[in-house]
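In each ligand, atom 1 is the first atom listed, and ligand 1 is the first ligand listed. Since this is a predicted model, take the numbers as computed values, not measurements.
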Amino acid sequence: MAIERTLSIVKPDGVAGKHIGEILRRFEAAGLRIIATKMTHLSRREAEEFYYVHKERGFFGELVNYMISGPVVISVLEGENAVLKHRDLLGATDPKKADKGTIRADFGKDIGTNTVHGSDAVDTAKFEIGHFFSGCELHPLK
Ligand code: CMP
């Protein structure tokens, strides 16, 4: 199986709810390596450019306002099948539809306030990782 990288963002509700440690613990327990991580407070421009694929959607303004409402924790995860593995740990986008035991089911409130973002494909992950990290900030095992 291919070694992949994916981008994970603990959103403002996950940080405010003190779930950072538990969320990152679940990633490591599932075999995903954290090869970069940082806490930051996104600017409007950073959030708008990150979510540019959604800019025509009705929820775009709400999504951006939410993502800049407090600090977030952004990580790069590496491992076998990392994109899908991470998304499986998160559960469905809408926490009300997420399987029991997933991060969004356990901590999310609604479709906007859904605790963690995860890249949806390897190509998307490449763009998303490059948006927040330079190559020398990534620390894969040699
Ligand atoms: P995320 O994985 O960060 O990717 C895009 C985000 O848009 C998604 O999680 C949701 O939080 C948000 N989103 C998707 N659909 C809606 C919606 N109908 N209303 C509000 N937010 C949405």
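Considering backbone and side-chain atoms alike, Ile111 places an N or O below 3.5 Å from some N or O of ligand 1. For Tyr51, a nitrogen or oxygen atom sits less than 3.5 Å from a nitrogen or oxygen atom of ligand 1, counting backbone and side chain alike.
Counting heavy atoms from C-beta outward, Glu4 and Asn81 have side chains that approach closer than 4.5 Å. Contact of the Met67 side chain with the Ile9 side chain is registered, since non-hydrogen atoms from C-beta on lie closer than 4.5 Å.
Residue contacts with ligand 1 for Arg87 are absent, since no atom lies close enough (heavy atoms, distance under 4.0 Å). Only the side chain of Lys11 comes within contact range of ligand 1, with a heavy atom under 4.0 Å; no backbone atom does.
In this structure, the protein non-hydrogen atom closest to atom 17 (C) of ligand 1 is Phe59 CD2, 3.5 Å. Nearest protein heavy-atom contact of atom 1 (P) of ligand 1 is His117 ND1, 3.3 Å.
Taking the six-membered ring for Trp and the full ring otherwise, Tyr52 and Phe60 have centroids separated by 6.0 Å or more.
Within ligand 1, counting atoms from 1 as listed, the ones closer than 4.0 Å to a heavy atom of Arg104 are 2 (O). Interface atoms of ligand 1 facing His54, defined by a heavy-atom separation under 4.0 Å, are 5 (C). For ligand 1, the atoms lying closer than 4.0 Å to a non-hydrogen atom of Gly112 are 11 (O), 21 (N).
Contact record, Ala47 with Val64: CB-CG1, 4.1 Å, taken as the closest heavy-atom pair.
Between Glu22 and Arg25 there is a salt bridge, since at least one side-chain N of the basic residue sits less than 4.0 Å from a carboxylate O of the acidic one.
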Please evaluate residues Asp13 and Thr115 with respect to the criterion side-chain hydrogen bond (donor to acceptor under 3.5 Å, both in side chains), reporting the C-alpha separation (whole Å), side-chain torsions for both, the decisive distance (0.1 Å), and the verdict. CA-CA 6 Å; Asp13 62 299; Thr115 315; 2.8 Å; yes

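Within a 6.0 Å radius of NZ in Lys109, no more than 12 heavy atoms belonging to other residues, nucleotides or ligands are found.
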